[in-house]
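A quick write-up on the structure given underneath.
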Amino acid sequence: MSTTVVHIDPGPRLSEATVHDGRLYLSGMIPEDTSLDLAGQVKQALAEIDSLLARGGSDKTKILSAVIWLADIADFAAMNAVWDAWVVPGQTPARATVQARLNDPKMKVEIMVVAAI
């Protein structure tokens, strides 16, 4: 078991991701453009996840778990439409989706994943 921790894009408050013991832990990914509709915001968050997974030596086929926060749970079906087009059939992670008040009132989604490397 490795005790080394690697920080990807560390900042004063958080790192975008951390790597430890064969796992990649991503911070909650949010959309850059909060003027987009829900589908656009989800696509942006998933693109950021793809990018960070690649930087950490992983990809979406190796996601172990995902937590999705929606500002409005009524967007669940619309979020799932984007998610379902993004995930790899037969390699979907364990997942939870909940409604939460996000830190920006224009933000509709935040997604956090843990992946194997």
NE2 (H7) and NE2 (H20) are apart, to the nearest 0.5 Å, by 10.0 Å
Do T18 side-chain atoms and V6 backbone N/O form a donor-acceptor pair below 3.5 Å?
-> no
The remaining residues in the hydrophobic cluster of V98, counting side-chain heavy-atom contacts under 4.5 Å among Ile, Leu, Val, Met, Phe, Trp and Tyr, are I30, V67, W69, L102, M107, M112
- Task: Verify, without hydrogens or angle tests, whether Q44 (side chain) and E32 (backbone) share a donor-acceptor contact under 3.5 angstrom.
- Result: yes
What one should report as the nearest heavy-atom pair of L14 and S27 is CD1-OG, 3.8 Å
Test side chain to side chain contact (heavy atoms under 4.5 Å, CB included) applied to L26 and L53, step by step
CA-CA 8 Å; L26 275 60; L53 289 172; 4.1 Å; yes
Output for pair (I8 CD1, S15 OG), nearest 0.5 Å, gives 8.5 Å
Quiz item: Going by heavy atoms in the side chains, are V19 and V5 under 4.5 Å from each other?
Solution: no
Closest non-hydrogen atoms of A115 and S58, given as atom of the first, atom of the second and distance, are CB-OG, 3.7 Å
Discussion item. Counting C-beta onward and ignoring hydrogens, is there a side-chain heavy-atom pair between V114 and I63 closer than 4.5 Å?
Written reply: no
Below 3.5 Å, can you tabulate the donor-acceptor pairs from side chains in residues 78-88 to any protein atom, sequence neighbours excluded?
unit_1, atom_1, unit_2, atom_2, d
N80, OD1, R95, NH1, 2.9
N80, OD1, R95, NH2, 2.8
W86, NE1, D50, OD1, 3.3
W86, NE1, D50, OD2, 2.9

Do the side chains of L64 and Y25 join up, straight or via other hydrophobic residues, at under 4.5 Å, putting them in one cluster? yes
### Query
Within the distance-only criterion (no hydrogens, no angle test), does the side chain of Q99 pair as donor or acceptor with the backbone N or O of I73 below 3.5 angstrom?
yes
On a heavy-atom basis, the closest approach of D9 and R55 is OD2-NH1, 2.7 Å
D75 and L70 have their tightest heavy-atom pair at C-CD1, 4.1 Å
Could you list the donor-acceptor pairs under 3.5 angstrom formed by side chains in residues 33-42, with sequence neighbours left out?
unit_1, atom_1, unit_2, atom_2, d
D33, OD1, S35, N, 2.9
D33, OD1, S35, OG, 2.5
D33, OD2, S35, OG, 3.4
D37, OD1, A39, N, 3.4
D37, OD1, G40, N, 2.8
Q41, OE1, K108, N, 2.7
Q41, NE2, T34, O, 3.1
Q41, NE2, L36, O, 3.1
Q41, NE2, K106, O, 3.1

Here the gap from L52 atom CG to L24 atom CG, rounded to the nearest 0.5 Å, amounts to 7.5 Å
Do the non-hydrogen side-chain atoms of E16 and M29 ever get within less than 4.5 Å of each other?
yes
